[in-house]
Every structure is written in structure tokens, then in C-alpha cells.
Engineer: 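Structure in C-alpha cells, see below.
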There are 2 protein chains.
Amino acid sequence: MTRIPAPERRSALIEAALRVAARVGIAQATTRAIVAEAGMSLASFHYVFDSRDELIDELITTVVAREQQAVIPDLSPGQSLAELLESGIVGYFEHLKADPEHEQAMLELTQYALRSPERRSLALAQYARYTELAERSLELAAEVADVTWRIPVSEVARVLVAFTDGLTITWLVDRDDDAARAVAHVAADALSRMADPR
Amino acid sequence: MTRIPAPERRSALIEAALRVAARVGIAQATTRAIVAEAGMSLASFHYVFDSRDELIDELITTVVAREQQAVIPDLSPGQSLAELLESGIVGYFEHLKADPEHEQAMLELTQYALRSPERRSLALAQYARYTELAERSLELAAEVADVTWRIPVSEVARVLVAFTDGLTITWLVDRDDDAARAVAHVAADALSRMADPR
DNA sequence: TCCGGACTGGGACGACCGTCCCACTTCGGT
DNA sequence: ACCGAAGTGGGACGGTCGTCCCAGTCCGGA
């Protein structure tokens with residue numbers, strides 16, 4: 001009824017698609033389910049998106065781009081590097097616990113992107129972004145703890161991403177908070193050994 | 001044409017389904033794609049399976065049950081625990097590299113199972129199995145290296161599963177062998193610190 | 001040899017999917 | 001006040017999905 005300009009409608013549909021994907025998975029995020037969530041008609045969908053795939057692609061791009069501060073920890077000084085890293089990872093874990101379905105949808109989005117050659121780059125960009133965020137957190141932690149990374153931060157960051165990913169999947173399956181915290185502890189300890197006092 | 005008894009047909013269909021799922025993903029593993037892969041008609045499918053979901057469930061169960069020796073490393077003595085663990089993880093990594101699509105399908109299967117409440121237990125069983133295999137490898141490594149685990153092996157195993165899972169996903173995305181090996185190295189180092197000399 | 005159950009092939013069904021079309025309404029600029 | 005563009009609603013189309021049905025074929029035991 002109320003008329004909405006195309007660009008606004010695009011982002012409204014992307015938000016709706018994200019909610020639907022979190023609730024029922026991307027496979028079930030049909031055009032009809034998305035427009036129902038957004039309270040629109042199918043025509044409005046195809047007025048602003050050529051295809052569902054175009055929306056999914058933009059969904060990945062958008063969500064990855066905004067993944068910002070959620071995971072960047074605020075670190076209080078006076079702690080060892082290992083402690084800083086652990087509280088950083090635990091911070092991410094709290095974020096995961098706060099909205100597990102969102103993170104599950106992110107995982108599905110990656111798998112989805114990996115399944116078609118022309119979408120592979122989206123998965124790569126997603127993980128490049130994760131690594132970039134991890135890198136920033138690691139630099140911050142090193143600064144606060146007054147240490148320097150022995151190997152390039154980007155490489156440490158790549159390991160951190162792998163560890164948090166593993167933490168995510170296993171927790172999504174068994175929902176074992178203690179086990180996840182143990183992973184965080186061990187991972188932080190391992191990463192902290194990759195730095196030297198300044 | 002050639003007549004096949006029902007139990008044989010069941011397993012033939014499951015094998016076919018696994019191949020299809022590895023090739024194109026579970027979402028695209030339709031009943032028609034599966035019977036085409038198995039060289040049967042749709043009627044044969046529903047003669048032995050009530051529904052596609054029943055096959056998928058049995059697919060998960062079957063594949064998880066047989067996941068056996070693939071990941072259990074054969075360890076040569078004379079190495080430190082960290083070295084043993086690293087070569088074990090690298091062994092898994094080689095297994096992953098040998099058939100990435102299979103591991104990708106396993107990941108999709110997990111996500112699929114997590115999406116419906118009545119299938120959640122399948123994902124749990126899958127990871128319980130992973131943990132069990134990890135546990136056996138860890139016990140073996142500890143024996144060869146003549147050390148004992150400071151905390152319950154099952155807890156160490158759970159961490160190892162998380163680490164290998166993280167290694168798997170990140171590598172499936174960026175296919176960076178060196179980075180994966182770095183993850184293996186760091187993970188092995190971290191785990192080795194959870195044991196004491198005997 | 002026959003008969004009942006096991007198995008097969010092909011076609012059909014209803015549901016849902018992504019996409020498209022077209023008549024209609026609203027809006028901003030002139 | 002008017003007009004072209006922007007936006008909307010509803011219905012339809014072709015395709016694919018899971019599932020089902022049924023007439024037929026094969027086989028082993030009586």
C-alpha cells in the first residue's frame with residue numbers, strides 16, 4: 001500500500017531475508033517467505049531484484065560488510081596476552097550465544113556460496129573479512145599486552161578464525177558451554193605463544 | 001531390469017545419495033538425482049524408503065558409523081607428543097584434501113540435521129562419534145609418547161574436534177594448504193600442553 | 001506348474017518453486 | 001491539471017519437487 005522507493009525496498013528485503021534465513025535456513029528462504037516477512041508482494045521483490053540469487057549474493061555482501069564491532073573486544077589492560085585473547089574469544093562466544101541462529105545462517109551462507117563456482121568469491125570475501133577483524137583484534141591485544149607477534153599478524157589471524165569457527169560449529173551442535181569455554185581457553189593459550197614480549 | 005532385494009537396494013541408494021550429495025550438495029540431492037545415480041526408477045526408491053527424509057537420516061547414520069580408520073593415525077614412536085599430534089592432524093588434513101567434497105557434504109549434513117528438531121539427535125550422534133574417534137587417537141598418542149592427559153581425554157577430544165572442524169571449514173573456503181598446516185601445528189602444540197610426562 | 005509375494009517401470013498427482021505479466025494506482029515535475 | 005515514470009497487486013506459467021498408483025514382470029516354494 002504505502003509506496004517505498006526501490007533502494008529502501010532492497011534493504012528491507014535483505015533484512016527480511018536475513019531473518020528468514022536465521023529462522024528456517026537459506027534453503028527455506030524462498031521468495032515467498034521473504035516477501036511475507038517483509039510484508040510485500042512478489043512483484044515488489046522482482047521490481048528491485050532480478051532474481052533470488054541476486055538477493056542472496058547481496059545478502060552475503062551486506063552482512064559481511066557490517067559484521068563490524070560485534071566481535072572486536074574492548075580490552076582492559078593489566079592482563080596477560082593469553083587472558084586478553086581468551087576474554088576476546090569468550091566475547092565472541094557470548095555474541096554467538098546471544099543469536100545462535102544468525103551464526104548458523106552465516107555458516108549456511110558460506111556453504112551455499114561454496115556450492116557454485118561463480119559464488120565462491122563471496123565465501124572468500126566473507127572469510128577475508130573475518131580474518132581482517134581477527135587481525136585487528138590481535139593487533140589491539142598485542143598493543144595492550146605490550147608484546148609483538150613473532151609471525152605476520154595475518155597468519156595468526158587466520159588461525160584464530162579457524163579456532164573460532166571450530167568453536168562455533170561444535171557448540172551449535174552440542175550447546176555445551178563449558179566445552180566451548182575450554183576451547184576458548186586452549187585456543188587463547190596457543191595463540192599467545194606466537195608473540196614475544198616487546 | 002535385474003532384480004535386487006530390498007536391503008541391497010537400500011545401501012545402493014545410500015551410496016548413490018552420498019555421491020550425489022558430495023557432487024552437488026544435499027539440497028540438490030533430490031530423489032530423482034539419487035535414483036539416476038543409482039540407475040533405478042523412482043518406484044524402487046519408494047519401495048525401500050518411505051520418504052527422502054528417511055534416506056537422509058539413514059545416510060547420516062551410515063556414514064557416521066563407518067567413519068572409522070580414515071582418521072585414526074598410525075603413529076611411529078620416538079617423537080614428542082606435539083609431533084605425534086601434529087602428524088595425526090596433518091593425516092586428517094590429507095584425508096580432507098583427498099576428498100574435499102565428501103567432507104563438505106558431511107558439514108552440510110550436520111547443518112541439515114540441525115535445522116529440524118527431530119533430526120538434531122543425528123547431528124549430536126555425528127559429533128559424539130567424531131569425539132570418540134578423537135579420543136581414541138589421543139589415547140594412542142599419549143601411550144606412544146609415554147604421557148598422561150591431565151584432564152579427562154573426552155574433554156581434550158572435544159577440543160581436538162573443534163580444532164579440526166575449524167581447520168576444515170577455513171580450508172574448504174580458501175584452500176590454503178600452508179595456513180591449514182599452521183593451524184595443525186598450533187593446535188597440536190596447544191593440545192600437547194594438556195598432558196604430563198608419565 | 002502354478003501362485004502369491006517381491007520387485008519394477010512409467011506415468012501421474014498436487015504442492016511449491018522462481019519468475020513474469022499486466023492492469024492499476026500513486027507520485028513529482030511542469 | 002496532466003502526464004510519464006515509479007511502484008504495486010494478483011494471478012498465471014512452466015518447471016521441479018516428493019510421493020503415489022497400478023499394471024506388469026520376475027522368482028521361489030508348494
Side-chain angles (χ1 to χ4, degrees), chain A residues 1-21 23-60 105 108-109 111-113 115-116 118-119 122, chain B residues 1-21 23-60 105 108-109 111-113 115-116 118-119 122:
Chain A
M1 199 54 85
T2 51
R3 296 171 91 77
I4 303 173
E8 257 180 75
R9 199 172 279 279
R10 277 181 86 92
S11 50
L13 279 168
I14 288 176
E15 294 306 315
L18 183 58
R19 285 196 299 274
V20 173
R23 195 186 322 126
V24 295
I26 334 161
Q28 304 296 331
T30 64
T31 53
R32 284 170 176 79
I34 294 168
V35 299
E37 173 78 23
M40 305 179 188
S41 73
L42 279 171
S44 301
F45 184 101
H46 284 284
Y47 184 74
V48 292
F49 288 108
D50 280 348
S51 67
R52 188 190 99 114
D53 279 343
E54 185 184 319
L55 176 134
I56 301 284
D57 289 359
E58 198 159 313
L59 172 60
I60 299 178
E108 290 181 3
L109 246 16
Q111 306 273 349
Y112 181 83
R115 273 299 174 187
S116 66
E118 64 270 29
R119 244 176 292 283
L122 291 174
Chain B
M1 199 54 86
T2 52
R3 296 171 90 77
I4 303 173
E8 257 180 73
R9 201 171 276 280
R10 278 182 87 92
S11 50
L13 280 168
I14 288 176
E15 294 307 314
L18 183 58
R19 285 195 300 275
V20 172
R23 195 185 323 125
V24 296
I26 333 161
Q28 305 295 332
T30 63
T31 53
R32 283 168 177 82
I34 293 167
V35 298
E37 173 78 23
M40 306 179 188
S41 74
L42 279 170
S44 301
F45 184 101
H46 283 285
Y47 183 74
V48 291
F49 287 108
D50 281 347
S51 66
R52 189 189 98 113
D53 278 344
E54 185 184 320
L55 176 134
I56 301 284
D57 289 358
E58 198 159 313
L59 173 60
I60 299 178
E108 289 181 3
L109 246 16
Q111 306 274 346
Y112 181 84
R115 273 301 176 188
S116 67
E118 64 270 26
R119 244 175 293 281
L122 291 173

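Owing to the predicted nature of the structure, the values given are computational and were not obtained by experimental measurement. By convention in this document, chain letters (A, B, ...) are assigned in the order of the sequence lines, proteins followed by strands, and residues within each chain are numbered from 1.
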Engineer: From CD1 of I4(B) over to C1' of dC26(D), roughly how many Å is that when rounded to an integer?
Structural biologist: 13 Å
Engineer: Taking salt bridge (Lys or Arg N to Asp or Glu O under 4.0 Å) as the test, write out the residues that go with E58(A), two or more places apart.
Structural biologist: R10(A)
Engineer: How would you label the contact of L42(A) with the nucleic acid (heavy atoms, under 4.0 Å): base, sugar-phosphate, or nothing?
Structural biologist: base
Engineer: Round to a whole Å and report the spacing from NE2 of H46(B) to P of dT19(D).
Structural biologist: 5 Å
Engineer: Between atom CZ in R3(A) and atom C1' in dG28(C), what is the gap in whole Å?
Structural biologist: 11 Å
Engineer: Identify the two heavy atoms, one from A12(A) and one from M40(A), that lie closest to each other, and give their separation to 0.1 Å.
Structural biologist: CB-CE, 3.9 Å
Engineer: Counting only heavy atoms and a strict 4.0 angstrom limit, can you tell me which residues of residues 25-40 of chain B come near DNA chain C?
Structural biologist: R32(B)
Engineer: Looking at every non-hydrogen atom in both residues, tell me the closest pair between E37(B) and R19(B) and how far apart they are.
Structural biologist: OE2-NE, 2.6 Å
Engineer: So which heavy atom on I26(A) is nearest to which on L109(A), and how close?
Structural biologist: CD1-N, 3.3 Å
Engineer: Could you work out which one of dG10(C), dC21(C), dG7(D) sits closest to the side chain of P5(A)?
Structural biologist: dG7(D)
Engineer: Which residues in residues 47-56 of chain B have at least one heavy atom lying under 4.0 Å from any atom of DNA chain C?
Structural biologist: Y47(B)
Engineer: How long is the straight-line distance from CZ of R119(B) back to CD1 of I56(B), given to the nearest 0.5 Å?
Structural biologist: 8.5 Å
Engineer: Taking all atoms of both residues into account, what is the closest heavy-atom pair of R52(A) and Y112(A), and its distance?
Structural biologist: NH2-OH, 3.7 Å
Engineer: Quick one: CZ on F49(B) to CD1 on I14(B), what's the gap to the nearest 0.5 Å?
Structural biologist: 4.0 Å
Engineer: Any idea which heavy atoms bring L122(A) and A113(A) closest together, and the distance?
Structural biologist: CB-CB, 4.4 Å
